[in-house]
Amino acid sequence: MNDQSDSSDARYQRRMANKKRVVDERIRSASEERGVLIALKGNGKGKSSSAFGTMARALGHGQRCAVIQFVKGQRETGEYRFFRDQPQVDFHVMGHGFSWEVRDVHKEREAAEAAWALAEGYLNDARYHFLLFDELSYMIKYGHLSAERIATALSHRPRHQNVMLTGRTLARELADIADTISVVQDERHAFRLGVKAQPGIEY
Ligand code: ATP
Ligand code: MG
């Protein structure tokens with residue numbers, strides 16, 4: 001019995017030592033220091049909330065951050081109420097300040113242009129360490145902004161700047177230049193079980 005457990009302990013130690021060698025080697029070879037472009041896509045719940053969680057992480061390190069939410073809604077979300085008061089965060093919501101009673105494509109384009117002009121300003125400003133362009137993909141999908149133009153601005157940003165993009169879809173031009181892409185898959189959502197959207201979870 002003891003022999004057996006000794007040998008399984010030895011096997012475990014060997015496995016751990018091997019694993020450590022592999023991990024150490026990977027850490028040694030990942031030596032480049034630069035900002036990354038992270039895209040979160042897919043139909044599941046968790047893209048925007050993950051991006052805001054990452055921003056909280058950046059803020060914990062004292063990094064200067066900016067958020068642009070490319071959404072139409074006038075509703076104040078929990079993330080807006082919380083992060084707008086953080087001194088290191090600039091928070092813009094495309095929908096705020098632009099009102100459209102009915103779907104008006106010209107007004108939407110105008111709002112998208114104005115929001116993207118702000119984004120380009122941040123992408124040219126090395127003081128900002130972390131940028132979040134939330135739901136940007138809709139602007140491309142609706143034809144309000146060109147994916148090429150966005151990709152060009154992202155490619156010329158300051159080297160240390162980290163950028164996160166969220167949205168259900170991801171344009172090929174952006175996927176081509178992203179460093180990290182995660183797909184949030186929809187396996188189940190409480191909404192389909194009949195649970196009403198609630199503050200603190202949905203918005
Ligand atoms: P979250 O902001 O909660 O991280 P998300 O950014 O991944 O969600 P969006 O596509 O932006 O998802 O949708 C935003 C809203 O729609 C959220 O209130 C979210 O709970 C809800 N939602 C997301 N995915 C689904 C789904 N598969 N079915 C129903 N509602 C969803
Ligand atoms: Mg979202």
Side-chain angles (χ1 to χ4, degrees), residues 36-60 63 65-86 88-100 103 105 108-109 111-116 118-119 122-123 128 130-147 150-151 153-154 161-175 177-203:
V36 288
L37 176 62
I38 303 173
L40 304 181
K41 65 173 202 172
N43 292 329
K45 169 172 167 54
K47 301 173 294 293
S48 297
S49 38
S50 162
F52 281 103
T54 309
M55 187 165 84
R57 202 175 249 181
L59 287 170
Q63 297 176 7
C65 303
V67 185
I68 304 177
Q69 284 190 303
F70 291 81
V71 290
K72 288 171 70 174
Q74 298 277 338
R75 179 189 255 171
E76 283 192 359
T77 59
E79 60 266 27
Y80 178 68
R81 289 185 179 175
F82 179 77
F83 285 110
R84 73 175 168 194
D85 295 330
Q86 300 293 317
Q88 290 284 79
V89 178
D90 294 2
F91 204 130
H92 307 272
V93 184
M94 200 183 85
H96 297 179
F98 275 88
S99 63
W100 37 70
R103 198 177 144 81
V105 79
E108 285 189 30
R109 289 250 156 106
E113 275 295 331
W116 186 250
L118 278 172
Y122 289 118
L123 288 166
Y128 288 83
F130 179 89
L131 307 181
L132 166 53
F133 302 143
D134 192 33
E135 316 296 345
L136 178 63
S137 67
Y138 290 108
M139 298 299 104
I140 299 168
K141 200 173 152 199
Y142 298 151
H144 295 342
L145 296 172
S146 111
I150 293 170
L154 286 168
Q161 206 172 59
N162 292 307
V163 181
M164 284 187 86
L165 309 177
T166 73
R168 293 196 175 195
T169 58
L170 181 65
R172 169 56 40 206
E173 291 86 341
L174 302 182
I177 59 166
D179 298 291
T180 297
I181 302 175
S182 295
V183 185
V184 180
Q185 192 189 322
D186 177 26
E187 188 165 312
R188 182 177 301 158
H189 194 287
F191 183 67
R192 291 197 297 279
L193 302 177
V195 183
K196 193 176 164 185
Q198 53 186 305
I201 297 294
E202 261 76 40
Y203 59 88

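Counting starts at 1 for both ligands and their atoms, following the listed order. Counting from 1, the numbers follow the sequence of the chain as shown. Please read these numbers as outputs of a predicted model, since none were measured by experiment.
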Engineer: May I ask you to identify, for Leu40, whether its side chain, its backbone, both or neither come under 4.0 Å of ligand 1 on a heavy-atom basis?
Structural biologist: neither

Engineer: Would Lys45 count as a polar contact of ligand 1, with the cut-off being nitrogen or oxygen pairs under 3.5 Å?
Structural biologist: yes

Engineer: Heavy-atom count check: over 12 atoms from other residues, nucleotides or ligands less than 6.0 Å from Tyr203 OH?
Structural biologist: yes

Engineer: Under 2.8 Å from the Mg ion (ligand 2), which protein N/O/S atoms are there?
Structural biologist: Ser48 OG, Glu135 OE2

Engineer: So which heavy atom in the protein is nearest atom 15 (C) of ligand 1, and how far is it from that ligand atom?
Structural biologist: Glu202 O, 4.6 Å

Engineer: Measuring from non-hydrogen atoms of Thr166 to any atom of ligand 1, is the shortest distance under 4.0 Å?
Structural biologist: no

Engineer: Which label fits His92 and Tyr122: parallel for a plane angle under 30°, tilted from 30 to 60°, or perpendicular past 60°?
Structural biologist: tilted

Engineer: Are any of the N or O atoms of Glu135 closer than 3.5 Å to those of ligand 1?
Structural biologist: yes

Engineer: Out of Lys47, Glu79, Arg168, who gets a non-hydrogen atom closest to atom 13 (O) of ligand 1?
Structural biologist: Arg168

Engineer: Is the shortest side-chain N to carboxylate O distance from Arg84 to Glu76 below 4.0 Å?
Structural biologist: yes

Engineer: Checking a contact table here: which protein heavy atom is nearest atom 8 (O) of ligand 1, and how many Å away?
Structural biologist: Gly46 N, 3.6 Å

Engineer: How would you list all residue pairs meeting side chain to side chain donor-acceptor pair (under 3.5 Å) that involve residues 183-192, not counting sequence neighbours?
Structural biologist: Asp186-Arg192

Engineer: Taking all non-hydrogen atoms of both residues, which atom of Gly167 and which atom of Ser137 are closest, and how far apart?
Structural biologist: CA-OG, 3.2 Å

Engineer: If the condition is side-chain hydrogen bond (donor to acceptor under 3.5 Å, both in side chains), which residues does Thr54 pass it with, not counting sequence neighbours?
Structural biologist: none

Engineer: For a 4.5 angstrom cut-off between non-hydrogen side-chain atoms, does Glu79 reach Phe91?
Structural biologist: yes

Engineer: Run the ring-centre check on Phe83 versus Phe52 and record whether the distance is less than 6.0 Å.
Structural biologist: yes

Engineer: Which residue pairs pass the salt bridge (Lys or Arg N to Asp or Glu O under 4.0 Å) test with at least one member in residues 38-49, sequence neighbours excluded?
Structural biologist: none

Engineer: Any nitrogen or oxygen of Ser49, side chain or backbone, less than 3.5 Å from one on ligand 1?
Structural biologist: yes

Engineer: Counting only heavy atoms on the protein side, is anything nearer than 4.0 Å to atom 25 (C) of ligand 1?
Structural biologist: yes

Engineer: Which protein heavy atom lies closest to atom 2 (O) of ligand 1, and at what distance to 0.1 Å?
Structural biologist: Ser48 CB, 3.3 Å

Engineer: Compute the shortest N/O to N/O distance between Gly44 and ligand 1 and return yes if it is under 3.5 Å, no if not.
Structural biologist: yes

Engineer: Where on His189 is there a heavy atom closer than 4.0 Å to ligand 1, on the side chain, on the backbone, on both, or on neither?
Structural biologist: side chain

Engineer: Examine ligand 1 and decide if any of its atoms is less than 4.0 Å from a heavy atom belonging to Ala197.
Structural biologist: no

